[in-house]
Amino acid sequence: MSEKIFVKGNEAVAMAAIEAGVRCYFGYPITPQSDIPEYLSRELPKTGGTFIQVESEIGAINMVLGASAAGVRAMTSSSGPGISLKQEGISYMAGSELPGVIVDIMRQGPGLGGIDASQADYFQATRGGGHGGYRIIVLAPDSVQEMYDLTMLAFDLSDIYRMPAMVLADSVIGQMKESIVANSRPETPLPVKDWAVRGRAEGADQNVVKSLKLGDGEMEAFHWAMHARYQELADKESRWEEYQTADAEMIVTAFGSTARIARTAIEGARAEGMKVGLLRPITLFPFPKQAYTALSARCKRFLDIELSTGQMIDDVRLSVARDTDVAFYGRPPGAGSLPTPEELLEQIRKIY
Amino acid sequence: MSEKIFVKGNEAVAMAAIEAGVRCYFGYPITPQSDIPEYLSRELPKTGGTFIQVESEIGAINMVLGASAAGVRAMTSSSGPGISLKQEGISYMAGSELPGVIVDIMRQGPGLGGIDASQADYFQATRGGGHGGYRIIVLAPDSVQEMYDLTMLAFDLSDIYRMPAMVLADSVIGQMKESIVANSRPETPLPVKDWAVRGRAEGADQNVVKSLKLGDGEMEAFHWAMHARYQELADKESRWEEYQTADAEMIVTAFGSTARIARTAIEGARAEGMKVGLLRPITLFPFPKQAYTALSARCKRFLDIELSTGQMIDDVRLSVARDTDVAFYGRPPGAGSLPTPEELLEQIRKIY
Amino acid sequence: MPYITIDESRCKGCGLCTIACSRKLVSLRDAPNSMGYTVAFFSNPDACTGCALCAEMCPDVAIAVFKES
Amino acid sequence: MPYITIDESRCKGCGLCTIACSRKLVSLRDAPNSMGYTVAFFSNPDACTGCALCAEMCPDVAIAVFKES
Amino acid sequence: MRHDVFISGYGGQGVLLAGNLLSYAAIHQGMNVSFFPSYGVEKRGGSAMCTIVFSHDETGSPVVGHPSVSILLNQLSFDKYADKVRQGGLCIVNSSLVITGDRELPGIELVQVPMNQLAIDLGDARMVNMVACGAYTARVSALPRQSLDEALKKALPERNHRLIPANIMAIQAGADAAQR
Amino acid sequence: MRHDVFISGYGGQGVLLAGNLLSYAAIHQGMNVSFFPSYGVEKRGGSAMCTIVFSHDETGSPVVGHPSVSILLNQLSFDKYADKVRQGGLCIVNSSLVITGDRELPGIELVQVPMNQLAIDLGDARMVNMVACGAYTARVSALPRQSLDEALKKALPERNHRLIPANIMAIQAGADAAQR
Amino acid sequence: MKQVFTRTPSLKDVQTHFCPGCHHGGIHRLVAEALDEFGLRERTIGCASVGCSVFLYGYFDVDVVESPHGRAPAVATGVKRARPDRIVFTYQGDGDLAAIGTSEIIHAANRGEDITVIFVNNTTYGMTGGQMAPTTMPGQKTSTSPLGRSIKNDGAPFKMAELLSNLDGVTFSARVALNNPRNVLQAKKLIKTAFQYQVEGKGFSFIEALAACPTNWGMQPLSANERIGSEMIPYFPLGICKNTHNL
Amino acid sequence: MKQVFTRTPSLKDVQTHFCPGCHHGGIHRLVAEALDEFGLRERTIGCASVGCSVFLYGYFDVDVVESPHGRAPAVATGVKRARPDRIVFTYQGDGDLAAIGTSEIIHAANRGEDITVIFVNNTTYGMTGGQMAPTTMPGQKTSTSPLGRSIKNDGAPFKMAELLSNLDGVTFSARVALNNPRNVLQAKKLIKTAFQYQVEGKGFSFIEALAACPTNWGMQPLSANERIGSEMIPYFPLGICKNTHNL
Ligand SMILES: Cc1ncc(C[n+]2csc(CCOP(=O)(O)OP(=O)(O)O)c2C)c(N)n1
Ligand SMILES: Cc1ncc(C[n+]2csc(CCOP(=O)(O)OP(=O)(O)O)c2C)c(N)n1
Ligand code: SF4
Ligand code: SF4
Ligand code: SF4
Ligand code: SF4
Ligand code: SF4
Ligand code: SF4
Ligand SMILES: [Mg+2]
Ligand SMILES: [Mg+2]
């Protein structure tokens, strides 16, 4: 499996899902992610899996809930408006401690918006767009290879921590084609799903999957348990990439496509003799706070770049040492709004 | 109109909506807010207004979108799961610059959860649970009188700033009965809705209400315009209440019902000689950053109390002076999870 | 003789059994129990046919019916 | 003589007009224009009845029909 | 002076009406009132509770950790809430349904009133809540028994005003039974 | 050395296929490639664009502010993007559809190729994109013309492999026309 | 002496939270009996909905998934597609199925998902306190139709058993009631048939059960039960609407 | 010489973004003509949906509100209830109306909202690139039904004009096509009738227009047009399904 193949980011997601053993895909078309259902409508049935183009995103997320409750790996994918519609279902999954993968290829909003690249759904993804104060795992690939690898990781983390996991990319990463190695799923040990509904087969006790928690103190205890699980995630699963940070006097931070663009800008800055490094969070939830804390212990200038008017900036500010200055450069989504490396270099020059 | 009436928080909302001239209510039952549609099903038609119990929360928010686009005051109300379902519609309203009032009487979650009081939907309300990185106005009453007054304010702010406004309360405030004065709507000057669709009557040009923004740079400009509007809101419309802060050496901060409980705890603290004050944000978006900045300039100990594992705490930390210590005490939602004044006093003692 | 038993911890006193029995063998007590329910009782064991219609009507499955087989 | 005009800036060369005219008076050009469309043209003005069926079929409302009233 | 009272029973015992009644009585006395109800998901059979805080000043927290008076109408409520009453406070129980047994409540005064019995004696078992309110007024001077007469008009919907005389009798019976 | 090329035209001119073709050619040359397409909401009539970055090292940013080569297939693309080409770069235009007029592009070399004409001459107007790719190889040594022959097999679906010879001719025609 | 009427094993021996005279209890029993008669307890997965029947897991001794309000048919689709060898049923109220869940039921029915849907029509939103439902009858007063349902403002009540019969994927659809012993016995038979459809893999089967909600109708249990015969059945006729395989 | 066929005033004189041979353009024209024939331009509010017809405001010279995907009937309800004296129509694709918007259309129809719905059935999701729609025909290949729509997996295509006719609130429902001049003229007539229903305040009127999507069908415009007659009309019969007032 080490021959390289040249595929779209979205296709890499679909291929990785199959490699991860997804049994059910439920989704509804929406640009710029429709390649995912299109690929899976073709390939998933060949593996004996189920593909349903559902009547709506709401139906889709609830089928994921059902299939996941039944103990199989299930997923859905969407963008902007469709992800908004799934919020109730995601909240139920979180409340029912169900795994399940949701792929969000962000497009511009609010409303119908348009299909250009956006990172303005960071809050929605990381703060729980649904009700109840839950969180989900959020992974942010910046290349087609990572689309593949992180999709597999999303399934594993989701199963291990029993919570929904999201692959969050923008349309640049979703639509881009690159050569990747279609790695096999790593042999991560996974917990047995003894909580799944199976029709009490093999004489098992009744299993119930639910989010209703009415007992005295039951829900409160659940919240603290979730909180502890989030802390465990933060400790064990925070992932990030550092580039040229060792001697950096200024840190640029960005995720997804913006990080790609920033990296080229940093090459330019280095060429001009500026000691600039990149801190790219790979997990957005858990946010790799430790990396920010560590770097900001010695480097006091940060520049956060986002395709929005500023969302991750909150997490950055909450993570760095108190005396760090965090500047922001935003290019909210829209036709022609993607920043160029030249433009980011200009911003670096201003702040350096 | 100055005779006092003894009503539920939810009823106060409905009465205030009528006083504010709401023409259309569209909603779907859900505890603990069903008193609102119940009241309006009885009273709104008497004023010539429209009440529809819609087939779903999604239908309801989209009817609000339609009625608001047509230029009349329209509203909906819900809780938890229903609010999650409305996220797409709210995002469209924000993208279409439409006013409209959404009342959210929070209940416990995630998922079905239960009907006990919660403040765990703070993020959803203030960060835009929907896609696209918009924000909405969020008002947080802590008494039945404020349920009344802030509902009227929500309509006005929503019209003035052309964005959705939410009244965010928990089930304590929604279900509680208190005596209120049913004030008349203040004579706030309101902009003419010359953008509304009216069927080109009186020979007007075509009006279009939409969120689709495909022109080069159009959406990006819109995001910055929204950003500027949010800044204007923060400058002009931030509202908060301070209690005993003048000489305070420690500030407790909380909103809604928690602030009520904290206030009694602070009375107790004062009785014990502790100089403790309360900072209660009334607008959650815009968050009254200026009040935190000002108070933290001299008072370095803050205690944030929420019915969650911590959400507003982010805004508090991002608002106070860098050298301020912000402690957190959370009681996530659930049966029997409401903190008592005695309990909060205990927390104050610990930190004071 | 066929007969029925009524589980008072299940019965909520709705009275649906009383209209099911054509022989009027089931009635409700006058006074409510501690949950506020006026529970049903089997009044005339001798006339019971064991037809089980009362049990079929009971939404709370409070009635058991016995009969020679 | 009735006749039709075809607005080339509207016509997308779909050809639906060509099947509408029972007299085959509308045809498509061989070569595409700068948008890549082989636009329609009115080939035989003399035979036109002004029935407007070609115009009724045109999804792009590119055809105008003239006739003595 | 801030007063508070907590009432708990099963759904159907009229807990909320009792709470409303005491609220209106306090309003009638010129006080500010916060009435905070809560109930389980179930409409029936579940438990119903409410807390009333009243004061000539601000009512402050609608949630009270240790109420100065609790009115407990059934066994479950007694078992769960009796010892929450504040030291020096009052626990009024419906002795028709509640077996206090050998439960010790140091520092809390226990007032036993056979509410169901009194209500049934007066001809309507559903007046348990009225008996309870009567008992309260006999022990808490902030709300004189007569204040309930006026309050009844507000707390009951117009169509039930014909029941007021019977309710007043039930209130009186409760008051008499609870008299020291 | 990092290469980049930007291609733009209207939907239907085969912009994305051209981009894919150049991508596969670069892969064939052992390079890493990032191919980044974008298009308007409209399926047809709207504009289609793509950027290809290829390098023996990392490709870095898929977004390029000032491409070293731009291939512009229609007037709109020319008007909008010609002056975005980096100083010293190349602007290859489809002179069959684009009137460059008196537009000045200082520091940018303009290469005019009558792509539609060449394609039509070869019997299929739809081969405009192939002509364009040929022109590119004639001017950028990183991708030799022959690399496209192999690339065609990957870029075209199996069922269109019969068209490869015709496409190769179109590529050659483009290359010839663009030759310095 | 033999016990001739006894609690069926799939129905847990616990007190329910249902109000006195609520028909949910009886419908629960009939479903449990159908499962037991086919020996399906160890093969069945129930999809609970949101409404007074939300505690399905507390009463049925089978595996249960809770569904968001209205989404049980989608959840059931997910379960069934993941485990095609299991028996999957939903149990939904009229608010749940015919209001918020309209899309999900129509599309699951149209796809012909091999599931059984038990639809409890009590003409109101029971759990939330008696608001108007899509099946609330013309003129019926509820907490959100204080002057009675108005056809003009609210439309006519939905007849789901008939409406769904129009979809090809539906193989069995019937309406039952539990207001008298005869109807109970008939309901039992039809509920069994609905499950038989699924046991035989014949596609989507649907039961609409007319039910009393004494609490929210503001009636005593007996009068509420009476209303089913006097008002509901004339409007919502009992019987089989569709039975493609004549099982 | 008089111009006997001319662009109707409610239709802006602009180039559309529709593909060559797309029937959206023709349906736009017929709707605009109906509005003009009743003189409704200065009284009409259109509710656009999400699909290839999303730019309704660009082509119709009437006030327009954009609706979220599938929600146009709810948006239209809001508009109409706020301004009962205006003419309100929705214009929706098959994905929009029969998939994601199922609840909204069914409930608006059932309430008998006094609006007119123009439903364009082109058996695919045009705007998003040709995925399977609820009306995709059995065996039809699309980008998400690569082996053809499978009745077993996906269910049968929805016949919306018939399905909605079962709801009391619907007063007029008809299916039209624009595949030949005769059908165009008939379509024009029925679209006019649908608006007449609204002008006279007679309740919910519905037009299903069969339409070609050459691009996503992978066909030349003429063959796509042909397919309407050869494949679609036999499955989706043209004509009036319901006409309560015989207007
Ligand atoms: C999204 C959402 N909206 C609303 C509710 C509130 N809710 C709970 S049950 C219910 C209606 C129940 O009525 P029905 O389905 O008829 O069941 P019944 O209680 O009558 O058996 C509603 C509206 C919810 N839980 N979730
Ligand atoms: C909530 C949501 N889901 C998905 C989409 C993506 N989307 C846009 S148009 C469309 C389908 C359009 O198909 P149809 O309604 O049949 O209209 P057509 O383009 O065929 O005329 C979809 C799925 C969206 N905009 N919003
Ligand atoms: S078994 Fe039959 S006869 Fe006996 S009590 Fe019940 S209904 Fe009456
Ligand atoms: S039907 Fe059942 S619950 Fe009702 S009274 Fe008879 S035994 Fe009791
Ligand atoms: S008007 Fe009639 S006759 Fe003339 S070109 Fe058109 S279709 Fe042919
Ligand atoms: S029908 Fe219209 S668009 Fe099509 S070819 Fe004829 S004139 Fe052109
Ligand atoms: S409220 Fe109605 S449906 Fe719910 S349990 Fe009570 S009687 Fe049954
Ligand atoms: S994609 Fe299809 S529906 Fe959309 S404009 Fe093109 S032909 Fe028409
Ligand atoms: Mg119901
Ligand atoms: Mg379509």
Side-chain angles (χ1 to χ4, degrees), chain A residues 58 79-81 83-85 87-88 91-96 106 108-114 116 118 120-124 127-134 210-224 226-227 308-309 311 314 317-318 322-323 331-337, chain B residues 58 79-81 83-85 87-88 91-96 106 108-114 116 118 120-124 127-134 210-224 226-227 308-309 311 314 317-318 322-323 331-337:
Chain A
I58 294 179
S79 179
I83 296 289
S84 292
L85 289 168
Q87 294 304 330
E88 187 207 26
S91 173
Y92 268 81
M93 288 178 66
S96 307
M106 287 178 281
Q108 69 186 77
L112 186 50
D116 295 282
S118 168
D121 298 342
Y122 178 94
F123 273 148
Q124 186 191 41
R127 299 292 190 275
H131 63 286
Y134 64 92
K210 67 177 175 72
S211 65
L212 187 65
K213 296 190 171 65
L214 297 175
D216 273 3
E218 184 184 0
M219 180 60 96
E220 185 169 16
F222 177 72
H223 272 257
W224 286 120
M226 285 290 122
H227 193 74
S308 73
T309 53
Q311 301 191 6
D314 278 10
R317 291 219 167 100
L318 289 166
R322 286 186 182 192
D323 59 348
R331 289 293 313 261
S337 79
Chain B
I58 294 180
S79 180
I83 296 289
S84 292
L85 289 168
Q87 294 304 331
E88 187 207 25
S91 174
Y92 268 81
M93 289 179 67
S96 308
M106 287 179 281
Q108 69 186 78
L112 186 51
D116 294 283
S118 168
D121 299 342
Y122 178 93
F123 274 147
Q124 185 191 44
R127 300 292 189 275
H131 63 286
Y134 64 91
K210 67 176 175 71
S211 65
L212 187 65
K213 296 192 172 64
L214 296 175
D216 272 5
E218 185 184 358
M219 182 58 97
E220 185 169 16
F222 176 72
H223 272 258
W224 286 120
M226 284 291 122
H227 194 74
S308 73
T309 54
Q311 302 191 5
D314 279 9
R317 292 219 166 98
L318 289 166
R322 287 187 182 191
D323 59 349
R331 289 295 311 261
S337 79

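In what follows, every chain begins at residue 1, and chains take the letters A, B, ... in the order their sequences are listed.
Of the listed residues A/G128, A/A221, A/S96, A/P333, the one with more heavy-atom pairs under 4.5 angstrom with chain B than any other is A/P333. The candidate with the highest count of non-hydrogen atom pairs below 4.5 Å against chain B, out of A/R317, A/K213, A/M106, is A/K213. Contacts with chain B were tallied for A/A335, A/P332, A/A120, A/S308; A/P332 has the most, counting heavy-atom pairs under 4.5 Å. Per-residue heavy-atom pair counts under 4.5 Å with chain B were compared for A/A94, A/G129, A/S79, A/G215, and the maximum is reached by A/G129. Most heavy-atom pairs under 4.5 Å with chain B, from the set A/D323, A/I83, A/I58, A/L318: that is A/L318. Counting heavy-atom pairs closer than 4.5 Å to chain B, the top residue among A/S211, A/S118, A/G334 is A/S211.
With hydrogens and angles ignored, the 3.5 Å screen pairs no side-chain donor or acceptor of B/Q311 with any backbone N or O of A/R127. Looking only at distances, a side-chain donor or acceptor of B/R322 sits under 3.5 Å from a matching main-chain atom of A/R322. Side chain of B/E220 to backbone of A/G336: no donor-acceptor contact under 3.5 angstrom is found. With hydrogens and angles disregarded, a donor-acceptor distance shorter than 3.5 Å links the side chain of A/H131 to the backbone of B/G111.
To the nearest 0.5 Å, atoms CH2 (B/W224) and CZ (A/R331) are separated by 9.5 Å. The structure places CG of B/L112 at 7.5 Å from CG of A/L214, a figure rounded to the nearest 0.5 Å. The structure places CD of B/Q87 at 7.0 Å from CD of A/Q87, a figure rounded to the nearest 0.5 Å.
Here the closest heavy-atom approach between residue B/P110 and residue A/G95 is recorded as CG-CA, 3.6 Å. Taking each heavy atom of A/E88 and B/P81 in turn, the nearest pair found is OE2-CB, 3.5 Å. The minimum heavy-atom distance linking B/S84 with A/G130 is given by the pair OG-CA, 3.4 Å.
No side-chain N or O of B/T309 forms a donor-acceptor pair with one of A/H223 less than 3.5 Å apart.
Contacts of A/Y92 with chain B are made by both backbone and side-chain atoms, with heavy-atom separations under 4.5 Å. Neither the backbone nor the side chain of A/E218 comes within contact range of chain B; no heavy atoms are under 4.5 Å apart. With a threshold of 4.5 angstrom between heavy atoms, A/Y122 does not approach chain B through any atom at all. In this structure, the portions of A/S337 lying under 4.5 Å from any heavy atom of chain B include both its backbone and its side chain.
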